[in-house]
*Asks:* 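Below is a structure I'd like to ask you about.
In this text the structure is predicted, and so the values were computed from the model without any measurement. Ligands are counted one by one from 1 in listed order, and the atoms in each one are counted from 1 as well. Computed from heavy atoms alone, side chains included, the values below leave out hydrogens, waters and symmetry copies.
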Amino acid sequence: MRPDPLAYLTAELSSLKEKGLYRKLRILEDEQKPKTTFDHRSVVNLSSNNYLGLTTHPRLRDAALEATRKYGVGTGSVRTIAGTMDIHMELERRLADFKKTEAVVVFQSGFAANAGTVSAVLSKDDVVVSDELNHASIIDGCRLSRAAIKVFPHKDVDAARKILQGLPASQRKLLITDGVFSMDGDLGPLPALCGLAEEFGCIMMVDDAHASGVFGKNGRGTIDHFGMHGRVDIQVGTLSKAIGVLGGYVAGTRDLIDFLYHRARPFLFSTSHPPGVAAACIAALDVLLEEPQIIDRLWDNTRFFQKGLTSLGFNTGASEGPITPVIVGDGALAMKLSDRLFESGVFAQGLAFPTVAAGKARVRTIVTATHTREELQFALDAFGKVGRELGILP
Ligand SMILES: Cc1ncc(COP(=O)(O)O)c(C=O)c1O
């Protein structure tokens with residue numbers, strides 16, 4: 001028998017197991033909701049990005065079912081051949097109105113939107129100036145573009161300025177940040193970065209995946225939150241998190257969107273969204289506009305839960321929104337905290353290197369608008385009990 005050419009992968013997995021960093025997938029056996037069943041256990045769910053509870057909202061379900069009956073379950077083609085339905089165009093028009101931009105293109109995911117856009121708008125003679133904690137899809141997009149990549153320390157505007165000062169004025173530059181950072185829940189310094197982009201003639205791009213549906217009026221994102229309309233050239237949003245469905249989009253000028261229709265590889269070379277997905281996303285926009293009290297509930301729950309965690313004595317980092325990390329440092333300890341919480345009826349995912357920097361391992365919590373106070377209090381009690389048990393709390 002020939003030697004297994006993939007044996008090195010098995011060795012790497014063994015090493016993860018030895019370090020206590022090997023993770024089995026948790027299996028959801030019910031709807032994605034605040035109290036649900038994973039791996040046969042009923043738990044308070046603090047691990048989804050379903051910020052507004054829209055994964056199970058009746059208006060989205062009905063819209064998906066109706067569109068599925070009308071158009072079928074799939075599109076059978078990429079957007080640029082035979083896979084653009086009127087419902088895709090309606091979603092893009094609705095998103096452009098919502099984001100107050102000329103146009104929008106929808107991608108199959110937020111990941112595809114970031115990676116597909118950065119790699120399309122830049123090429124090898126260009127440079128990207130990027131926050132060190134930007135999402136993996138931005139990093140991959142930068143690599144695919146073959147542009148030079150200059151990374152500045154997290155939120156360090158002075159460092160970004162120094163990088164820009166050292167670049168030739170004639171070189172094309174993209175300055176890029178997450179709107180909300182997914183591991184820490186803090187906000188990118190948009191006003192200062194937009195100022196830099198204007199001063200140095202950069203293209204300004206913001207990935208608002210975790211801000212879509214959460215920050216700004218009716219959930220329009222951090223550009224709206226900071227009053228930066230018209231100052232960000234490329235806005236990325238996701239339809240997979242607070243919007244409750246699946247997809248990503250880019251909002252900007254008509255020419256930017258037309259260019260992406262012609263050059264963004266995930267748009268050109270991967271099949272378009274099922275019509276039920278597009279219809280549910282349109283219904284989600286209706287909910288954001290007509291039921292904004294859901295967003296208020298998300299923020300009430302966020303304040304309640306964060307206050308609870310900090311009163312217990314946990315290190316919750318720099319969170320400014322519903323993503324609240326409980327930072328413990330050691331990777332194995334984070335995984336143990338997550339496992340013990342799960343046994344106590346709370347699902348909060350442990351995250352360690354390489355998802356977060358070494359020594360910054362954590363359990364990440366995300367509250368939603370649909371958690372009840374009783375569920376959140378139950379989770380806080382479990383955090384207190386397990387935190388003391390593991391010596392994280394005194
Ligand atoms: C900051 C950020 N950008 C983009 C994405 C990708 O979004 P999607 O899940 O729609 O692919 C994520 C999701 O993990 C994210 O956290």
*Asks:* Enter the distance from I87:CD1 to T75:OG1 here, rounded to the nearest 0.5 Å.
*Replies:*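 So the gap between those two atoms works out to 12.0 Å.
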*Asks:* Write down the atom of S77, the atom of A82, and the distance for their closest heavy-atom approach.
*Replies:* OG-N, 2.7 Å
*Asks:* Side-chain polar contacts of residues 320-329 - donor-acceptor pairs under 3.5 angstrom, sequence neighbours left out - could you list them?
*Replies:*
from : atom 1 : to   : atom 2 : distance (Å)
E320 : OE2    : L187 : N      : 3.0
T324 : OG1    : Q306 : NE2    : 2.9

*Asks:* Locate the shortest heavy-atom distance separating D178 from I138; write the atom from each residue and the value.
*Replies:*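 In this case the closest contact between D178 and I138 is OD1-CD1, 3.3 Å.
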*Asks:* Just to check, does A112 reach to within less than 4.0 Å of ligand 1 when the distance is taken from its heavy atoms?
*Replies:*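 A112 does not count as a contact of ligand 1 under the 4.0 Å cut-off.
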*Asks:* Considering only heavy atoms, does N114 approach ligand 1 within less than 4.0 Å through its side chain, its backbone, both, or neither?
*Replies:*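 Looking at N114 and ligand 1, just side chain atoms fall under 4.0 Å.
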*Asks:* Go through ligand 1 atom by atom and flag the ones less than 4.0 Å from a non-hydrogen atom of S109.
*Replies:* 10 (O), 11 (O)
*Asks:* What are the two closest heavy atoms between F107 and P266, and how far apart are they?
*Replies:*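 So the two residues come closest at CD2-CB, 4.1 Å.
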*Asks:* Does a salt bridge link D339 with R23, judged by any charged N lying under 4.0 Å from a carboxylate O?
*Replies:* yes
*Asks:* Heavy-atom contacts with G110 under 4.0 Å: which atoms of ligand 1 show up? List them by number with element.
*Replies:* 6 (C), 7 (O), 8 (P), 10 (O), 11 (O)
*Asks:* Counting non-hydrogen protein atoms only, what is the nearest one to atom 16 (O) of ligand 1? Give residue, atom name and distance.
*Replies:*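 Residue, atom and distance for the closest contact: H210 NE2, 2.8 Å.
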*Asks:* Do any nitrogen or oxygen atoms of S137 come within less than 3.5 Å of a nitrogen or oxygen of ligand 1?
*Replies:* no
*Asks:* For K241 and ligand 1, does the shortest N/O to N/O distance drop below 3.5 Å?
*Replies:* yes
*Asks:* Distance to 0.1 Å, residue and atom name: give those for the protein heavy atom nearest to atom 5 (C) of ligand 1.
*Replies:*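 Ranked first by proximity to atom 5 (C) of ligand 1 is H135 CE1, 3.4 Å.
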*Asks:* Between F305 and H371 (judged by ring centroids, cut-off 6.0 Å), do the two rings come close enough to count as a pair?
*Replies:* no
*Asks:* List ligand 1 atoms under 4.0 Å from G247, heavy atoms only on the residue side.
*Replies:* 10 (O)
*Asks:* Counting only nitrogen or oxygen atoms and a 3.5 angstrom limit, does F111 reach ligand 1?
*Replies:* yes
*Asks:* For ligand 1, which atoms have a heavy atom of S182 less than 4.0 angstrom away?
*Replies:* 16 (O)
*Asks:* Closer than 4.0 Å to some heavy atom of D207 - which atoms of ligand 1 meet that?
*Replies:* 1 (C), 2 (C), 3 (N), 4 (C)
*Asks:* Give the atom numbers and elements of ligand 1 that come within less than 4.0 Å of a heavy atom of T238.
*Replies:* 7 (O), 8 (P), 10 (O)
*Asks:* Is the distance between the ring centroids of W299 and Y51 under 6.0 Å?
*Replies:* no
*Asks:* Side chains of S123 and D126: closer than 4.5 Å at any heavy-atom pair?
*Replies:*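 Side chain of S123 against side chain of D126, heavy atoms only: contact under 4.5 Å found.
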